[in-house]
2 protein chains.
Amino acid sequence: MGRKRPAIDRVFHALGDPTRRAMLEQLGEGPVSVSRLAEPLHMTLAAVVQHLQILEESGLIVTEKTGRVRSCRIDSVGLTVAEEWIRDRRTRWEKQLDKLGDLLAEEN
Amino acid sequence: MGRKRPAIDRVFHALGDPTRRAMLEQLGEGPVSVSRLAEPLHMTLAAVVQHLQILEESGLIVTEKTGRVRSCRIDSVGLTVAEEWIRDRRTRWEKQLDKLGDLLAEEN
DNA sequence: CGAATAGTTAAGTATTGACTTGAGTATCGA
DNA sequence: TCGATACTCAAGTCAATACTTAACTATTCG
């Protein structure tokens with residue numbers, strides 16, 4: 001997996017782009033080379049490489065070059081960072097959210 | 001809570017900004033007016049209002065105006081959308097991630 | 001070797017995003 | 001009623017992003 005824990009900033013920013021999420025979906029099927037990843041996307045290889053850098057820096061993928069081919073695959077680190085951020089807030093804000101639920105219940 | 005389910009695009013984009021996350025943290029303490037929310041942030045009220053619009057459109061907060069004061073509070077819809085997106089992928093990609101774990105285990 | 005493949009890198013453009021300024025509108029309170 | 005408060009809205013600025021093009025490097029294969 002990726003080396004260090006990515007900043008939450010990077011992770012959410014990376015996930016915020018539809019092209020990058022599409023790339024992740026593709027990689028969910030299994031490891032893919034850069035040019036195969038680019039195929040379904042309507043943009044140049046160079047643009048895809050730039051997205052890959054962002055995904056890698058945010059711990060969402062790992063890549064490894066063998067010969068002239070770079071293979072890309074999902075990394076769980078980025079997803080975990082995002083998931084934990086959300087889970088932490090949700091539990092911390094539980095009371096707020098519960099109060100809100102109560103108010104709504106009363107309205108019915 | 002907010003009306004409809006926000007697009008995942010909006011949610012991740014909203015969460016990607018540090019100012020907006022700081023606003024959410026503040027709101028986690030309880031409902032706050034726009035101007036009180038703006039106090040700790042080094043920017044104009046107008047800028048804060050723009051962030052609030054983004055947060056509301058992404059289902060992360062709800063606001064309600066009473067008299068001349070707009071009260072803002074956390075909404076769980078946005079957080080849920082993000083959480084579910086991640087959870088769905090994680091389970092779908094489980095095999096990928098497990099394979100990865102196994103490979104790493106073998107390397108040690 | 002030499003041509004095709006696979007990716008890399010740098011530089012430029014064009015849109016989006018995060019702000020500001022400034023001028024408004026609607027309460028509230030004395 | 002009149003001034004202060006609490007936003008609201010429309011423009012405009014400036015930097016960050018998502019691209020493109022084009023030139024380059026490193027492999028593979030016949």
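Given the structure is predicted, the values throughout are model-derived calculations rather than measurements. Hydrogens, waters and symmetry mates play no part in the numbers below; they use all other heavy atoms, side chains included. Numbered from 1 within each chain, the chains take letters A, B, ... in sequence-line order.
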- Query: What string of B, S and - do you get for nucleotides 22-30 of chain D, 5' to 3', when a contact is any protein heavy atom under 4.0 Å?
  - Reply: -----BS--
- Message: Is there a side-chain contact between B:H13 and the phosphate of C:dT16, meaning an N or O under 4.0 Å from OP1 or OP2?
- Response: no
- Residue list, salt bridge (Lys or Arg N to Asp or Glu O under 4.0 Å) with A:R87, at least two apart or on another chain: none
- Message: Is there a path of hydrophobic side-chain contacts, each under 4.5 Å between heavy atoms, that joins A:F12 and B:I54?
- Response: no
- Query: B:E64 has an atom CD; how far is it from atom P of C:dT27, in whole Å?
  - Reply: 15 Å
- Message: What is the distance, to the nearest angstrom, from the CE atom on A:M43 to the P atom on D:dA18?
- Response: 10 Å
- Query: Does the distance from a Lys or Arg side-chain N to an Asp or Glu carboxylate O, for B:E84 and B:R5, drop under 4.0 Å?
  - Reply: yes
- Task: Name the nucleic acid region contacted by B:S35, choosing base, sugar-phosphate or nothing; use a 4.0 angstrom heavy-atom cut-off, strictly under.
- Result: sugar-phosphate
- Task: Could you check if a side-chain atom of B:H13 sits within less than 4.5 angstrom of a side-chain atom of B:R20, using non-hydrogen atoms only?
- Result: yes
- Given D:dC7, C:dA18, D:dA18, the nucleotide with the shortest approach to the side chain of B:D17: C:dA18
- Minimum-distance nucleotide (side-chain atoms of B:A47 versus C:dT20, C:dG7, D:dT8): C:dT20
- Query: In whole angstrom, what separates B:R36's CZ from D:dT5's P?
  - Reply: 17 Å
- Item | Proximity to DNA chain D (any heavy atom under 4.0 Å), residues of residues 19-29 of chain A only | A:T19, A:R20
- Query: Of all the choices, D:dT8, C:dC19, C:dT9, which nucleotide is nearest to the side chain of B:R70 once you look at every atom?
  - Reply: D:dT8
- Query: Within the structure, does a side-chain N or O atom of A:K65 lie under 4.0 Å from either OP1 or OP2 of C:dA6?
  - Reply: no
- Which residues satisfy the ring pair (Phe, Tyr, Trp, His ring centres under 6.0 Å) test with B:W93, sequence neighbours excluded? none
- Query: What's the CD1-C1' distance between A:I54 and D:dT17, to the nearest Å?
  - Reply: 8 Å
- Task: From the options D:dA6, D:dT20, C:dA18, select the nucleotide whose nearest atom is closest to the side chain of A:Q50.
- Result: D:dT20
- Message: What I want to find out is whether A:R92 reaches B:E25 closely enough, with some N-O distance under 4.0 Å, to be called a salt bridge.
- Response: yes
- Take atom CD of A:Q53 and atom P of C:dT9, then tell me their distance rounded to the nearest Å. 7 Å
- Using the test side chain to side chain contact (heavy atoms under 4.5 Å, CB included), find all partners of A:E57 that sit at least two apart in sequence or belong to another chain. A:R10
- Starting from C1' on C:dG7, measure out to CG on A:L41 and report it in whole angstrom. 16 Å
- Query: Rounded to whole angstroms, how far apart are CZ on A:F12 and P on D:dA16?
  - Reply: 22 Å
- Task: Return no unless some side-chain N or O of B:S33 is found under 4.0 Å from OP1 or OP2 of D:dC7.
- Result: yes
- To the nearest angstrom, the CD-P distance between B:E39 and D:dT5 comes to 13 Å
- Message: Under 4.5 Å between side-chain heavy atoms, counting indirect links through other Ile/Leu/Val/Met/Phe/Trp/Tyr residues: same cluster for B:W85 and A:I86 or not?
- Response: yes
- Tell me whether the OP1 or OP2 atom of D:dC19 has a side-chain N or O from A:H51 closer than 4.0 Å. yes
- Message: According to side chain to side chain donor-acceptor pair (under 3.5 Å), does anything in residues 31-44 of chain B pair up with another residue at least two apart or in another chain? List the pairs.
- Response: none
- Query: Name the one of B:E94, B:R90, B:Q96 that satisfies side-chain contact (heavy atoms from CB on, under 4.5 Å) with A:S76?
  - Reply: B:R90
